[in-house]
*Asks:* 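Below you will find the structure I want to go over with you.
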Amino acid sequence: MSDSLRAVRGMNDMLPAEGALWRQFEAIVRDWLAAYGYQELRTPILEHTALFKRAIGEVTDIVEKEMYTFVDELNGESLTLRPEGTASCVRAAIENNLLFDGGKRLWYMGPMFRHERPQKGRYRQFHQVGIEALGYAGPDLDIEHLLMGARLWKQLGLAGCVTLEINSLGGAESRARHRQKLIEYFEAHRAQLDEDAQRRLYTNPLRILDTKNPAMQDLVSAAPRLMDELDAEARRHFDAVQQGLTDAGIAFKVNPRLVRGLDYYNYTVYEWVTDRLGAQGTVCAGGRYDGLVAQLGGKPTPACGFAMGVERLLALMQEAGTPIASDPLDAYVVNVGEAAARFALQAAERLRDAGLKVALHGGGGSFKSQMKKADASGARFALIIGDDEAQAGEVSVKPLRAGGEQQRVKLDNVTQLLKKG
Ligand code: ATP
Ligand code: MG
C-alpha cells in the first residue's frame, strides 16, 4: 500500500475485535461518573494555540515539542489539536459562565494529540477520560478524586495492579523559594545536566525533576525537595489529603520528586502507576490547579482534576485478565431463495422490534456457506429460512451455542423461543 493510504504514524484504528473492551470500559466509566454526580462537557478538538501555551506553560514538553499546531490558511489563525483536556474545560467554563452559581463537577472523554515517539502505551492520538472540579478549594475534593480513582480501578478489575503516589507542590511562595534552591543546586552540578535540563535551568527548573533520562536520576534524587519548603497552609492541606486516604483505607506513597509535566499544578499532585506495562506505567495523573481559571481570564477559582490514559488502562485490563463481557447477536438469519429473502427481511425487522439483536445474511450464497457465516458471527441461534418456510410463515430455529434440536416454528413464536434460550 502506498504511504499516503496508511494511517498517520502513532494514530490507531479501533478495530471491531477491540470493540467489546472499549465499550465495557466506557460503560463502567459512565456509571462511575454518574455515581459521583459529574456532568459531561464536550469541547472541540481544535482550540486556539494560545490557550494551550497559556494553560500548560511555554517551557513544557507538551508546548515545546508535542503539539500539532498549524495555521488555518483561511484566516491566518494558529490552531492546535488539543494535547489534553483541562485547558479546554476551563476555557469552556469561563466562556459559558458555567461557574456563575458555584462549583461544577465536570468530565470529558475523547482523543488527545501529542507528537511523541510512538511506542507501546505512547501514541500520537490517544484517549483520555478526565474529571475537573471547578470552584472547590478544600482538600475534600482532592480526596474525592483519589477515592474515585480507587473505586474505578476496582470496577475495571485492576485493584492491586495500580498504586498511588502523591506529592504537594505547595503554593506560589514555596515554589519560588524552592526554585531558587533548585537553580543553585543544578548550577553546582552543571556538568551533569543534559541538553533539555541546561535549557530549562532558568526558565523552568522544576521540570528538570520530571526528566526521564536515566543518567540524571541520581542528580535529581538528591535535589532540594519542594516538600521541605511547604508553608503551614500547604502542609495542612496535604496532611488532610493523606488523612482522607488513610481513613478510606487507600494505600499511597509520598513521592517528593513527583512534579507532573504541566505548569498549572499547585498543592496536591498525584499519579496512579503500574509496573505491569513496562516504561509507560502512569495510567492516571492529576492534582490541584488553583491558579488556572484566573490565568485564563476567569475569576480566581480553585480547582482540581485528573486525566487517565484509556489505551494504557485497556492494556492493563487485558494484562490483568479482566473478564470482558461479550454482547453476542441473538440471531443470524440464513435465507436461500427469492421468496425467502423477502420474508427474512420482514422477520429480522419483527425480531428487532422485540428488542433482539439480529444480523441478516446478505449477498446470497449456498445454505452451507451461509451457515458457516452464522457460526462465525457468534450468534446464539441461526434462523433458517428457505422458500418453503417463507411460504408457511415459519422459521427453522437452530441453536448454535447451547445444545438442542432445530425446531420449525411460526414467526410469531420465534421471539419467545430466542428469549428463553
Ligand atoms: P508521560 O509522563 O507518560 O508522558 P504525561 O505526564 O505527559 O505522561 P498527562 O499529560 O498527565 O501525561 O496525561 C494523563 C495520562 O494520559 C497519562 O498518565 C497517560 O496515561 C496518558 N497519556 C499521556 N500521553 C500519552 C500518549 N502519548 N499516549 C498514550 N497515553 C498517554
Ligand atoms: Mg508526556
Side-chain angles (χ1 to χ4, degrees), residues 7-12 14 22 25 29 52 55-57 59-68 80-90 107-132 145-146 148-149 152-153 156 158 161-167 169 196 200 204 206-214 216-217 220 255 257-265 268-289 292 304-317 319:
V8 177
R9 204 163 112 77
M11 302 200 180
N12 302 312
M14 188 219 75
W22 280 80
F25 174 84
V29 161
F52 301 117
I56 299 168
V59 192
T60 55
D61 277 350
I62 294 180
V63 171
E64 280 182 339
K65 51 192 182 200
E66 295 176 358
M67 296 203 306
Y68 282 93
T80 293
L81 283 168
R82 63 181 187 194
E84 56 100 55
T86 302
S88 311
C89 243
V90 170
W107 69 271
Y108 59 84
M109 167 151 43
M112 305 294 161
F113 303 84
R114 297 185 193 177
H115 197 281
E116 306 205 61
R117 192 169 68 75
Q119 52 197 295
K120 183 168 173 278
R122 195 175 288 288
Y123 309 104
R124 291 179 173 176
Q125 175 176 323
F126 61 99
H127 295 75
Q128 286 185 340
V129 174
I131 62 171
E132 316 289 357
H145 287 179
L146 293 165
M148 285 178 78
L152 182 61
W153 315 142
L156 295 173
L158 302 178
C161 297
V162 275
T163 56
L164 174 62
E165 298 190 0
I166 63 173
N167 190 20
L169 299 181
D196 260 359
R200 289 176 175 178
N204 199 344
L206 195 65
R207 282 276 70 75
I208 300 177
L209 299 180
D210 201 25
T211 179
K212 300 200 167 74
N213 182 352
M216 281 180 47
Q217 296 308 313
V220 158
N255 174 358
R257 288 181 42 202
L258 185 68
V259 297
R260 309 285 309 110
L262 304 85
D263 272 358
Y264 48 60
Y265 289 105
T268 322
V269 292
Y270 52 88
E271 293 189 352
W272 292 94
V273 296
T274 179
D275 57 10
R276 296 173 70 167
L277 292 178
Q280 269 54 257
T282 305
V283 292
C284 176
R288 185 157 276 285
Y289 51 92
L292 185 61
C304 56
F306 67 69
M308 56 185 119
V310 177
E311 283 83 355
R312 291 185 194 177
L313 284 165
L314 297 182
L316 193 54
M317 286 166 72
E319 163 73 27

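Every number for a ligand or one of its atoms is a count from 1 in the order of the listing.
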*Asks:* Counting only heavy atoms, which portion of D61 has something under 4.0 Å from ligand 1: side chain, backbone, both, or neither?
*Replies:*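 Contact part for D61 vs ligand 1: neither.
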*Asks:* Under 4.0 Å from any heavy atom of A307, which atoms of ligand 1 are there?
*Replies:*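 Atoms satisfying the 4.0 Å criterion: 14 (C), 15 (C).
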*Asks:* Search all heavy atoms of E132 against all heavy atoms of F306 and return the closest pair with its distance.
*Replies:*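 So the two residues come closest at OE1-N, 4.5 Å.
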*Asks:* Could you tell me which atoms of ligand 1, counted from 1 in the order shown, lie closer than 4.0 angstrom to a heavy atom of K212?
*Replies:*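 Counting from 1, the qualifying ligand atoms are 1 (P), 2 (O), 4 (O).
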*Asks:* Using only atom types and a distance under 3.5 Å, with no angle test, would you say the side chain of Q125 pairs donor to acceptor with the backbone of N12?
*Replies:*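 Not confirmed, Q125 side chain does not pair with N12 backbone.
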*Asks:* Hey, looking at atom 25 (C) of ligand 1, which of W272, Y123, F126 has the closest heavy atom?
*Replies:*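 Closest candidate by heavy-atom distance is F126.
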*Asks:* Carefully, step by step, assess L169 and R288 under the rule side-chain contact (heavy atoms from CB on, under 4.5 Å).
*Replies:* CA-CA 9 Å; L169 299 181; R288 185 157 276 285; over 6 Å; no
*Asks:* Where do R200 and D210 land on the salt bridge (Lys or Arg N to Asp or Glu O under 4.0 Å) test, with the steps shown first?
*Replies:* CA-CA 11 Å; R200 289 176 175 178; D210 201 25; over 6 Å; no
*Asks:* Ligand 1 versus E116, non-hydrogen atoms closer than 4.0 Å: side chain, backbone, both, neither?
*Replies:*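 Contact part for E116 vs ligand 1: side chain (C-beta onward).
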*Asks:* Can you tell me the protein heavy atom closest to atom 29 (C) of ligand 1 and the distance?
*Replies:*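 Scanning the protein heavy atoms, the shortest distance from atom 29 (C) of ligand 1 goes to G121 O, 3.3 Å.
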*Asks:* What part of E271, side chain, backbone, both or neither, has a heavy atom within less than 4.0 angstrom of ligand 1?
*Replies:*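 Within the 4.0 Å criterion, E271 makes no contact with ligand 1.
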*Asks:* Using a strict 4.0 Å cut-off to heavy atoms of A285, name the atoms of ligand 1 that fall inside it.
*Replies:*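 Answer, ordered by atom number: 11 (O).
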*Asks:* So, does R114 use its side chain to make a donor-acceptor pair with the main chain of P83 at under 3.5 Å?
*Replies:*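 Confirmed, R114 side chain pairs with P83 backbone.
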*Asks:* Do me a favour and list the nearest non-hydrogen protein atom to atom 11 (O) of ligand 1 with residue, atom name and distance?
*Replies:*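 Answer for atom 11 (O) of ligand 1: R260 NH2, 2.2 Å.
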*Asks:* Do any N or O atoms from the side chain of R124 and from the backbone of M11 form a donor-acceptor pair under 3.5 angstrom?
*Replies:*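 No; judged by distance alone, with no hydrogens or angles, the pair does not exist.
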*Asks:* Need the ligand 1 atom indices (1-based, order shown) with element for anything under 4.0 Å from a heavy-atom of T282.
*Replies:*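 Near T282, meaning under 4.0 Å from one of its heavy atoms, ligand 1 has 17 (C), 18 (O), 19 (C), 20 (O).
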*Asks:* Among E311, Q128, H127, M112, which one puts a heavy atom closest to atom 13 (O) of ligand 1?
*Replies:*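 Among E311, Q128, H127, M112, the closest heavy atom to atom 13 (O) of ligand 1 belongs to Q128.
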*Asks:* Step by step, would you call T80 with F113 a side-chain contact (heavy atoms from CB on, under 4.5 Å)?
*Replies:* CA-CA 9 Å; T80 293; F113 303 84; over 6 Å; no
*Asks:* Which of these, R114, E84, E66, has its nearest heavy atom closest to atom 12 (O) of ligand 1?
*Replies:*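 That would be R114.
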*Asks:* Who's the nearest protein heavy-atom neighbour of atom 21 (C) of ligand 1, and how far?
*Replies:*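 It is G309 CA, 3.6 Å.
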*Asks:* Distance below 4.0 Å between atom 8 (O) of ligand 1 and any protein heavy atom?
*Replies:*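 No, there is no protein heavy atom closer to it than 4.0 Å.
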*Asks:* With a 3.5 Å distance limit and no angle check, can you tell me whether Q217 reaches the backbone of T211 through a side-chain donor-acceptor pair?
*Replies:*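 A pair under 3.5 Å: yes.
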*Asks:* Minimum heavy-atom separation for L316 and V283, please, with both atom names.
*Replies:*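 In this case the closest contact between L316 and V283 is CD2-CG1, 4.3 Å.
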*Asks:* Grab the two heavy atoms, one from W272 and one from L146, that are nearest each other, plus how far apart they are.
*Replies:*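 Where W272 meets L146 most closely, the heavy atoms are CZ2-O, 3.4 Å.
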*Asks:* For ligand 1, is there an atom lying under 4.0 Å from some heavy atom of R122?
*Replies:*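 It does, in that a heavy atom of R122 comes within the 4.0 Å cut-off of ligand 1.
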